[in-house]
Amino acid sequence: MKDIVLLYNDCCIYEIVILNYFLKVTGSDLVFCSLDGEKITATEGYSIQPDTALKDIDLSEIRSFIIPGGDISNIDQDIIYDCLKTLHSKNILIAGICAGVDVLDKAGLLEEIRSVHIEEYDCILDNNILTARANAYVDFAIEAAKALDLFEDEADLQETIAFWKEFKRAL
């Protein structure tokens, strides 16, 4: 099953770097897509060549779908909202951070669930929808990794929290 990251011009890469790292080091099938498969330029100035276009992804092969924040006017298209609705109907993990949460809201996925739009949380998972504020990128990565069962065991989870959240040196 594939973990899809939606990239678009002026998306914020820093918000998803830790999650991408977790996915990559655990052997996940990580796929970067854009609307058209063409190169994008992130907010931070990186030029990134996605693996594929969104239309070419088989939605039946998706385990998670991740949307970083940024200038979401660049992805304000029905193909995004239709994809999200389809994935949500299949109970696929959908994760949005910062303005990525607004995309989930516009798709109608935040109705009747707890999210950072209506709760005083920095990061919350409800009904397989993960939402986070921009400054909660570490919590976002850890919560997504927990939902995807990426940790070997409780000790692995606690070691990850100690390193990434508490800034303790790895032994």
Drop me the distance from Asp10's CG to Ile13's CD1, to the nearest 0.5 angstrom. 10.5 Å
One thing to verify: whether Lys55 and Asp36 come together as a salt bridge, which I'm taking to mean a side-chain N less than 4.0 angstrom from a carboxylate O. no
Using a 6.0 Å cut-off, check whether atom CD of Glu166 has over 12 heavy atoms from anything other than its own residue. yes
Between the side chain of Asn74 and the main-chain N/O of Asp71, is any donor-acceptor distance below 3.5 Å? yes
Cut-off 3.5 Å, side chains only: do Asp105 and His117 have a donor facing an acceptor? yes
Can you tell me how far apart CD1 (Ile113) and CD (Glu119) are? Round to the nearest 0.5 Å. 10.0 Å
Search all heavy atoms of Asp126 against all heavy atoms of Arg114 and return the closest pair with its distance. OD2-N, 2.7 Å
Over all atoms of both residues, closest heavy-atom pair of Asp3 and Ser28: OD2-CB, 3.3 Å
OH (Tyr14) with more than 12 external heavy atoms under 6.0 Å: yes
CD1 (Ile40) and CG (Asn9) are apart, to the nearest 0.5 Å, by 6.0 Å
Main-chain N/O of Val116 paired with Arg133 side-chain donor or acceptor, under 3.5 Å: yes
Salt bridge (charged side-chain N to carboxylate O under 4.0 Å, His left out): pairs with one or both residues in residues 81-99, sequence neighbours excluded: none
Using a 3.5 Å distance criterion without hydrogens, assess whether the side chain of Asp51 forms a donor-acceptor pair with backbone atoms of Val31. no
Please evaluate residues Tyr8 and Leu35 with respect to the criterion side chain to side chain contact (heavy atoms under 4.5 Å, CB included), reporting the C-alpha separation (whole Å), side-chain torsions for both, the decisive distance (0.1 Å), and the verdict. CA-CA 7 Å; Tyr8 53 94; Leu35 285 174; over 6 Å; no
Going by the side-chain contact (heavy atoms from CB on, under 4.5 Å) test, name the single residue among Ile94, Thr86, Ile4, Leu93 that passes it with Ile62. Ile4
For Ala53, is there any backbone N or O sitting under 3.5 Å from a side-chain donor or acceptor partner on Ser34? no
